[in-house]
2 protein chains.
Amino acid sequence: MQFSKSTDYAMHALIHLAHSERRHNVGIKELSATLGVSESYLSKIMSKLRQDGIVRAVPGVNGGYELARPAEQITFLDVIQVIEGRQQLFECSNSNSRQHGMLAEEGAARPGKSECLVEKVMDGAERHLHQYLRDHTIQSVLDEAFKRCGHEANKK
Amino acid sequence: MQFSKSTDYAMHALIHLAHSERRHNVGIKELSATLGVSESYLSKIMSKLRQDGIVRAVPGVNGGYELARPAEQITFLDVIQVIEGRQQLFECSNSNSRQHGMLAEEGAARPGKSECLVEKVMDGAERHLHQYLRDHTIQSVLDEAFKRCGHEANKK
DNA sequence: TTTATCATGGACATTGTGGGTCTATATTAA
DNA sequence: TTAATATAGACCCACAATGTCCATGATAAA
């Protein structure tokens, strides 16, 4: 259970875009050189981000990528869901086994779907995780970086 | 990014053990039949749980598995870490790229390790997740199941 | 002591997916 | 028109998840 490298690449690419916002569109060459990832692979990731409306892309000379909306409106959750997909973290593969019957045995005779209690806990965990990831944005990382720089400067 | 089926199996196996605690040791046959998973595969999972001190196993006639400690002392996190491993959820593969230099560029000249700010956020997320998973135990699932049964009974 | 019952560990097969490259094609600015 | 750029698709490889099978070892009951 780990986040993929693609998520890592996507996050850093977006941070770079946010940081170069004012200047110009950022081409795949520049991104690739900055992150140390091949152009081929990185462009796959950027395409995904475009398809989901996180970035815009313009082809042709002086083309490249830019954020499709302000950096404070791009959350960690947004990015992760684009790259990792939106399946739930945990799915009980056990729905019709005897296990769930066991857990509800005295309750009996209820015809409706019996929900898996393990899944219920895990879904709770996932909701918490999502909330945390919604509270952190590309912009919040930039702010943190600037704050750190300022701190460094003050110390000097 | 999903939890493996093995984690699912492990959770349900432990719940079954907790539920049958008073009676006798539970053999792999019974577990296998209850969960609908092959004995071969399930025994691999049970071995892992034993190696990490979650369950005890006794071979021989009338042998089988039992919880190695009370169900309220076996957390979701315990089980997940046994099955999924203990690597962190997110690792920045980018430590010496130009990206991190960029983020600290005005701060400059600090020789020490520059921590990845993306990783920092993700580590925070992981800590939250872990805390949630520590707060839920095998016993808490059983309690929930019993509560549900009682509720059903009252309605009748 | 023997034997039936149980768990363990290793070897192996299969499949899917993450991670990655390469090439052809479409689009745009100069 | 041409050079620069993104896009889409065809491939590739390595590795992990999932699973089976078999030999071995430990144990209690007979």
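Remember, it's a predicted structure, so these values are computed and weren't measured experimentally. Chain naming here is simple, since letters A, B, ... match the order of the sequence lines and numbering starts at 1 in each.
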Phosphate OP1/OP2 of C/dT21: any A/S38 side-chain N/O under 4.0 Å: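 Result: yes.
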Below 4.0 Å: OP1/OP2 of C/dG19 and any side-chain N or O of A/S4: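 So the side-chain polar atoms of A/S4 do come within 4.0 Å of the phosphate oxygens OP1 or OP2 of C/dG19, strictly under.
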Sugar-phosphate only, base, or nothing, as touched by A/F3 at under 4.0 Å among non-hydrogen atoms: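 Touches nothing.
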Sugar-phosphate, base or nothing in reach of B/V37, heavy atoms under 4.0 Å: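 Nothing, no heavy atom under 4.0 Å.
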Interface with DNA chain C, restricted to residues 40-54 of chain A and to heavy atoms under 4.0 Å: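 Close to the strand are A/S40, A/Y41, A/K44.
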For A/Q139, side chain to side chain donor-acceptor pair (under 3.5 Å) partners two or more places apart: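 Residues passing side chain to side chain donor-acceptor pair (under 3.5 Å) with A/Q139: A/D143.
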Position toward the 5' end of DNA chain D (nearest nucleotide), B/E39 or B/E84: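 Per heavy-atom nearest nucleotide, the more 5' residue is B/E84.
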Interatomic distance, B/H24 NE2 vs C/dA7 C1' [rounded to whole Å]: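 It is 16 Å, rounded to the nearest whole Å.
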[Y] side chain reached by [X] side chain, heavy atoms, under 4.5 Å:
{"X": "A/I54", "Y": "A/L67", "result": "no"}
{"X": "B/H128", "Y": "A/H128", "result": "no"}
{"X": "A/T7", "Y": "A/E84", "result": "yes"}

5'-most by nearest nucleotide on DNA chain C - A/V58 or B/K29: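 Looking at DNA chain C, the more 5' nearest nucleotide goes with B/K29.
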Residue whose nearest DNA chain C nucleotide is more 5′ - A/Y9 or B/V26: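 Counting from the 5' end, the first nearest nucleotide belongs to B/V26.
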